Asker: 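Below you'll find the structure I mean.
Residues: numbered from 1 along the sequence shown. A quick note: this is a predicted structure, and the numbers were derived from the prediction, not measured. For ligands, and for the atoms within them, numbers begin at 1 and follow the listed sequence.
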Amino acid sequence: MADIIQLLPDHVANQIAAGEVVQRPASVVKELLENAIDAGADTIKLIIKNAGKTLVQVIDNGKGMSTTDARLSFERHATSKIKSAEDLFQLNTKGFRGEALASIAAIAHVELKTKQASDDVGNAIVIEGSTIVSQDVVVTPTGTSVSVKNLFFNIPARRNFLKSDTVELRHVIDEFHRVALAHPSISFALYNNGSESFNLPITNYRQRIVNVFGNKTNEKLVPVEEDTEVLHISGFVGKPEFAKKTRGEQFFFVNNRFIKSAYLNHAIASAFDGLLKTGMHASYFLNLTVDPQTIDINIHPTKTEIKFDDEHTLYAILRAAVKHSLGQFNIAPVLDFERDPNLDTPYNYKENTPSFPKVEVDRAFNPFNETASSVKQTTAYKSSGNSGNSSSSWESLYVGLESKGNVSQDDFGEVEFESEEQTLSIFDEDNQVEQSHTTYQIHNKYIVSTIKSGMLIIDQYRAHQRVLYEEFLKNMTTREGVSQQLLFPLQLHFSPQDIVIIEQLKADLEHTGFVFLEIAEELVEITGVPVGVPESEVSIILEQLISDVENEVPDSNFSATDLLAKSMAKSLAIKTGQSLQKDEQEHLVNKLFACKEPNVSPANRVTFVTMSVDELDKKFI
Ligand code: ADP
Ligand code: MG
């Protein structure tokens with residue numbers, strides 16, 4: 001049989017390599033920034049358009065390339081950084097595989113301009129899909145500029161796979177942060193669609209963190225410093241009280257390279273043991289310096305994973321170092337995490353002057369008069385049923401019934417819904433007026449209503465989310481959200497990267513009824529909010545929204561409008577545990593069934609279940 005194996009042409013091999021190296025615009029950002037650092041630049045500019053889909057450009061003032069090098073840089077396995085395999089274990093550069101530029105040029109339109117300090121003129125090369133289009137002599141400053149346009153122009157499938165601009169921009173900014181945080185001695189700037197998003201001057205590490213994450217970060221940082229034979233650790237951890245629900249601000253750098261390590265992350269988490277509420281994540285910015293011989297970086301093309309020779313020791317040292325810092329800065333004892341947030345004064349009560357509690361004395365009360373006391377007892381049950389604040393008040397209803405000897409405890413318990421119905425109807429006997437109503441709230445969580453075929457049980461939180469979600473979506477698409485003017489503008493502080501997200505969503509937020517007076521570097525000033533949104537909730541809504549955008553699951557279909565509507569619905573919906581008046585219950589039921597998709601919440605969870613009389617009958621067999 002004839003031989004069938006053949007070598008792939010270079011452009012095909014490059015496209016395949018690109019599949020590993022370039023997943024999205026942010027990967028290009030990472031590779032170009034790293035090349036600029038390797039070239040010894042101390043000023044690096046990143047320019048992007050449409051979240052990098054249309055353009056990623058990096059301009060540096062590094063050492064530039066000669067004419068031949070400029071041409072060679074686009075070849076596969078062409079690198080100036082290593083010469084032999086041994087060099088892999090003495091790495092002082094970010095790059096070494098020599099495949100980034102070749103891969104990028106295989107799937108985009110690339111323009112390179114570069115000049116060395118010793119030359120008067122430089123070189124410009126245009127290359128599209130691995131084909132050199134032109135190579136010219138140009139006048140250009142010392143250093144290198146690489147523009148990558150129309151990413152994945154020749155691979156539509158990959159292009160379609162890209163997420164919305166908001167999500168891709170988020171990835172770009174993440175990558176920019178990682179590189180900028182690892183190199184405070186280099187100045188970085190980021191321009192997004194023509195406007196400056198970040199301008200980070202040369203500074204020290206602490207100040208760099210503050211410049212990236214906002215002035216308020218400064219007070220949150222606790223320094224960590226540890227020097228051992230195998231490892232040097234320096235950097236900061238965030239104080240526990242500033243822990244976040246998202247893992248956003250967690251940065252490990254090993255020899256100035258951002259890496260991901262679940263194992264070392266665990267070391268830090270365990271140092272915070274007992275200091276954080278469940279589900280909260282401490283922030284950290286830690287630089288580990290180790291002997292390059294003791295690590296292997298070449299285990300993944302993106303180089304974000306590293307193999308350490310002795311991970312166990314690193315774990316132990318890291319954990320101890322962080323613990324030590326937290327202890328030294330007296331973080332542990334002052335905190336009280338057991339505090340029940342339910343005991344906090346609600347926002348809208350804060351300004352009210354407290355009134356004296358009323359003391360009512362029943363002067364006619366006679367402990368020896370039995371009838372009088374039993375009457376008292378019934379009213380007490382009734383009022384607890386009315387306010388319905390906790391499940392214990394429901395239980396007290398049963399206690400009352402039992403002591404009256406009307407119903408035995410055994411009749412309850414087994415079938416939840418029926419028993420609730422029972423209680424409610426008994427409750428209604430006390431109050432004839434309410435009997436006309438057809439909805440009941442149970443456990444401040446579900447609304448029960450009778451329907452022709454039986455009964456309906458609605459989850460109030462999910463149902464209300466559905467109602468609000470459809471309302472917000474409608475307002476945003478028809479752009480007619482009604483705004484309510486605030487008496488005084490509301491000033492809210494955010495970190496610069498949160499501001500980027502708010503700016504992205506500004507138009508949509510305005511359609512729901514938000515009015516922004518100003519969106520500055522770390523400050524948002526709001527003069528109007530959507531009707532029905534309490535002023536005290538605004539910062540919570542925006543924070544939730546930012547965290548939702550950050551946590552956007554990469555595979556779900558992302559739309560900013562949709563996400564905003566979902567997030568606001570989630571923040572503003574009537575929560576589980578909130579007691580509702582009869583008319584509120586009915587209103588919610590009616591609104592739910594006026595929705596386009598009443599069956600599911602915006603997160604695709606069931607909003608109600610029905611139980612037919614037949615099903616009920618079966619339970620009584
Ligand atoms: P690697 O960084 O792994 O060496 P790349 O494909 O990223 O591979 O780059 C190939 C070569 O091109 C580098 O080794 C370097 O010599 C040169 N090069 C790339 N970008 C720059 C730059 N911004 N300034 C100077 N030289 C560069
Ligand atoms: Mg490189």
Asker: Looking just at side-chain N and O atoms, do S495 and E522 make a donor-acceptor pair shorter than 3.5 Å?
Answerer: no
Asker: Out of all atoms in ligand 1, which are within 4.0 Å of some heavy atom of T79? Include the element for each.
Answerer: 1 (P), 4 (O), 14 (O)
Asker: Strictly under 6.0 Å, is that where the ring centroids of Y284 and F251 end up?
Answerer: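 No - the distance between ring centres of Y284 and F251 does not fall below the 6.0 Å cut-off.
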Asker: Parallel, tilted or perpendicular for F176 and F188, by the 30°/60° rule?
Answerer: perpendicular
Asker: Among all the protein's non-hydrogen atoms, which is closest to atom 21 (C) of ligand 1, and how far away is it?
Answerer: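 For this ligand atom, the closest protein heavy atom is M65 CE, 3.7 Å.
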Asker: With ring centroids as reference points, do Y315 and F308 lie under 6.0 angstrom apart?
Answerer: no
Asker: So that I can tick it off, tell me whether E168 and K53 are bridged by a salt bridge, with the cut-off set at under 4.0 angstrom between side-chain N and carboxylate O.
Answerer: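 Here K53 does not pair with E168 in a salt bridge, since their nearest N and O are not under 4.0 Å apart.
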Asker: Backbone, side chain, both or neither: what part of A39 comes under 4.0 angstrom of ligand 1, heavy atoms only?
Answerer: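 Side chain only; the backbone of A39 stays clear of ligand 1.
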Asker: Could you tell me, atom by atom, which parts of ligand 1 come under 4.0 Å of a heavy atom of S73?
Answerer: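 The atoms of ligand 1 under 4.0 Å from a heavy atom of S73 are 10 (C), 12 (O).
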Asker: Hey, can you tell me if F198 and H177 have their rings parallel, tilted or perpendicular (30° and 60° cut-offs)?
Answerer: perpendicular
Asker: Go through the steps for K260 and E305 under the test salt bridge (Lys or Arg N to Asp or Glu O under 4.0 Å), then give the verdict.
Answerer: CA-CA 6 Å; K260 293 177 185 156; E305 282 160 48; over 6 Å; no
Asker: At a cut-off of 2.8 Å, what protein N/O/S atoms sit near the Mg ion (ligand 2)?
Answerer: N35 OD1
Asker: Decide, yes or no, whether a salt bridge links R178 with E175 under the criterion of side-chain N to carboxylate O below 4.0 Å.
Answerer: yes
Asker: Anything under 30° is parallel, anything over 60° is perpendicular, the rest tilted; go ahead and classify F253 against F258.
Answerer: perpendicular
Asker: Judged on heavy-atom distance to atom 20 (N) of ligand 1, which of N35, D60, V21, L32 sits nearest?
Answerer: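 Looking at heavy atoms only, the winner is N35.
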Asker: Find all atoms of ligand 1 within a distance of less than 4.0 Å from any non-hydrogen atom belonging to G98, and give their numbers and elements.
Answerer: 1 (P), 3 (O), 4 (O), 6 (O), 8 (O)
